[in-house]
Colleague: 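Sharing a structure here in structure tokens format.
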Amino acid sequence: MFHYILKRLLLMIPTLFGVMLVTFMIIQFVPGGPIEQLTEQLQGKHGGLGGAEASTGMGVQGIYQGAQGLDAEQLDALKKLYGFDKPVWERFWLMLDHYLQFDFGESYFHQQSVVDLVISKLPVSISLGLWTFFLTYAVCIPLGIKKAVKDGSSFDVTTSSIILVGYAIPGFMLGVFLLVLFGGGSFWDVFPLRGLVSDNWDELPWYAQILDYLWHIFLPITTMVVGNFAVMTMLTKNSFLEEIRKQYVLTARAKGLTEQAILYKQVFRNAIIPLITGFPAAFIGAFFTGSLLIETVFSLDGLGLLSYESVLKRDYPVVLATLYIFTLLGLVGKLLTDLSYVLIDPRIQFDAAK
């Protein structure tokens, strides 16, 4: 076990290095980088920021010279400001050196450190991810077991039809439908249109804060959970059906054991293995689970929206840092998933091939 864990940890290094290298190289060839965007803003081509405002906001005071644009010296100053005056290979190694120390620098456009920026977006992403994770497992496992026991019955057919319809409906369309129906559209004004909490949330007592939070999160969570039910429910059903049809179940019935005892003492511990082993990766991923469309529909400022805006703005520190964090956590989640197989089923040995 120790050698397997050590081997997997060592394999993470080239994997992480490869992901960062490929992403970094792609970035070098993508047009419309921060220098080009800032130059256009300073020259007033987008009409968003004026020259003086853009200079102050981006920390490049005195660079803009009016209608004549930017000369070579001013462009060199911009490149130095963003670190583009160094060779590509040097910038890549400097980035890796900082990332190994978990120093991700500052965002080009948000004027704050990447770590603080990600932390500020976590409440939304954690709320969406964890609620979706727990509700999916809490509903789908009992439902899948029930469907396996009643395979082929009217209950099985009806529930399968309902969850497959929910799976077929795109999440953003369901979100818009729920907002129109319950968010003060043409029908009922039951739930709020935007935000994770109300503006006066800090002034509310603790129990009212909890209710206010649940009131705001109900529609987004419903939208995300409905689409996840089908996969987990059918996986649970098929896993239990496979075990129920095995020989040891027939033997247990021949010995006179009740169906409940067979199901929960014999079948359950074997059928639950493929579900539980996915727990670590799903739990880690839940902290960073986000949906750009869901966040946009319900006006929630989370990591999904941050990642999308960072790619559009070519905010390279945010793009590379979030990719580094997500990839690292994904690799750790995969390792924990493999280790959970051994903890749940001791018959599995990683050194069996030897």
Side-chain angles (χ1 to χ4, degrees), residues 124-175 177-178 213-214 217-246 249 259-291 293-295 297-298 302 304 329-330 333-334 336-341 343-345:
V124 170
S125 296
I126 289 178
S127 295
L128 293 176
L130 288 185
W131 277 112
T132 302
F133 170 79
F134 285 121
L135 288 176
T136 300
Y137 271 85
V139 173
C140 292
I141 291 180
L143 179 60
I145 295 174
K146 186 75 171 179
K147 286 172 64 62
V149 172
K150 294 184 174 296
D151 181 42
S153 66
S154 58
F155 172 82
D156 180 36
V157 174
T158 302
T159 53
S160 294
S161 302
I162 293 173
I163 63 174
L164 289 176
V165 168
Y167 180 74
I169 299 175
F172 72 93
M173 289 187 60
L174 179 60
F177 173 76
L178 292 177
Y213 166 74
L214 295 176
I217 206 69
F218 182 83
L219 290 185
I221 293 302
T222 301
T223 303
M224 295 189 68
V225 165
V226 167
N228 292 339
F229 276 167
V231 175
M232 183 59 65
T233 301
M234 299 310 294
L235 177 62
T236 304
K237 175 189 173 181
N238 293 335
S239 179
F240 273 80
L241 272 179
E242 182 181 357
E243 293 297 323
I244 289 173
R245 293 167 178 169
K246 287 185 176 180
V249 175
E259 289 297 323
Q260 292 294 321
I262 295 173
L263 180 63
Y264 292 105
K265 292 184 179 180
Q266 304 288 332
V267 174
F268 186 86
R269 62 184 180 183
N270 294 322
I272 206 68
I273 290 177
L275 305 176
I276 298 301
T277 50
F279 225 87
F283 186 78
I284 291 177
F287 286 90
F288 300 96
T289 298
S291 173
L293 294 175
I294 299 302
E295 291 179 11
V297 168
F298 292 97
L329 289 174
K334 292 294 184 183
L336 293 177
T337 297
D338 290 343
L339 295 180
S340 65
Y341 273 102
L343 297 177
I344 296 174
D345 190 353

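In what follows, every heavy atom counts, from backbone to side chain, and hydrogens, waters and symmetry copies are set aside. It should be emphasised that the depicted structure is a prediction, and the values quoted were computed from it without experimental measurement.
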Colleague: With rounding to the nearest 0.5 angstrom, report the CZ to CE distance, Phe133 to Met224.
Modeller: 13.5 Å
Colleague: Less than 4.5 Å apart, any side-chain heavy atom of Ile169 and any of Val226?
Modeller: no
Colleague: Of Thr222, Thr223, Asn228, Ile221, which meets side-chain contact (heavy atoms from CB on, under 4.5 Å) against Val225?
Modeller: Ile221
Colleague: Do Met234 and Lys147 have side-chain heavy atoms sitting under 4.5 Å apart?
Modeller: yes
Colleague: Could you tell me which non-hydrogen atom of Phe298 sits nearest to which non-hydrogen atom of Pro220, and how far apart they are?
Modeller: CG-CG, 3.7 Å
Colleague: Below 4.5 Å, heavy atoms only, C-beta onward: do Thr136 and Val231 meet side chain to side chain?
Modeller: no
Colleague: For a quick test of reading the model, state the closest non-hydrogen atom pair linking Leu263 to Phe240 and the distance between them.
Modeller: CD1-CD2, 4.0 Å
Colleague: Indicate yes or no: at least one non-hydrogen side-chain atom of Asn270 is less than 4.5 angstrom from one of Gln266.
Modeller: no
Colleague: Would you say that more than 12 heavy atoms from the other residues, nucleotides or ligands in this model lie under 6.0 Å from the CZ of Phe177, or not?
Modeller: no
Colleague: Rounded at 0.5 Å granularity, tell me how far CG in Leu241 sits from CD1 in Ile145.
Modeller: 11.5 Å
Colleague: Looking at side-chain heavy atoms only, is the closest gap between Ile272 and Ile141 below 4.5 Å?
Modeller: yes
Colleague: Any pair with a residue in residues 229-240 that passes side chain to side chain donor-acceptor pair (under 3.5 Å), sequence neighbours left out, goes on the list, sorted by first then second residue, please.
Modeller: Asp151-Lys237, Asp156-Lys237
Colleague: For the CG atom of Leu329 and the CG atom of Leu336, what is their distance to the nearest 0.5 Å?
Modeller: 10.0 Å
Colleague: Please name the pair of heavy atoms, one in Val267 and one in Val249, separated by the smallest distance, quoted to 0.1 Å.
Modeller: CG2-CG2, 3.8 Å
Colleague: Answer yes or no: is there a side-chain heavy-atom contact under 4.5 Å between Phe229 and Ile162?
Modeller: no
Colleague: Could you walk me through whether Phe155 and Val149 pass the side chain to side chain contact (heavy atoms under 4.5 Å, CB included) check?
Modeller: CA-CA 10 Å; Phe155 172 82; Val149 172; over 6 Å; no
Colleague: Tell me the closest heavy-atom pair linking Gly227 and Tyr167, and the distance in Å.
Modeller: O-CD1, 3.3 Å
Colleague: Do any N or O atoms from the side chain of Glu295 and from the backbone of Gly302 form a donor-acceptor pair under 3.5 angstrom?
Modeller: yes
Colleague: Rounded at 0.5 Å granularity, tell me how far CD1 in Ile244 sits from CD in Glu259.
Modeller: 8.5 Å
Colleague: Restricting to non-hydrogen atoms, name the atom on Gly175 and the atom on Val297 that form the minimum distance, rounded to 0.1 Å.
Modeller: C-CG1, 4.0 Å
Colleague: Residues two or more places apart in sequence or in another chain: which of them pass salt bridge (Lys or Arg N to Asp or Glu O under 4.0 Å) with Lys150?
Modeller: none
Colleague: By ring-ring contact (aromatic ring centres under 6.0 Å, His included), which residues pair with Phe218, not counting sequence neighbours?
Modeller: Phe191
Colleague: Nearest heavy-atom pair of Lys246 and Glu242: which atoms, and what distance?
Modeller: CG-O, 3.3 Å
Colleague: I need the Cys140 SG to Ile163 CD1 distance, nearest 0.5 Å.
Modeller: 7.5 Å
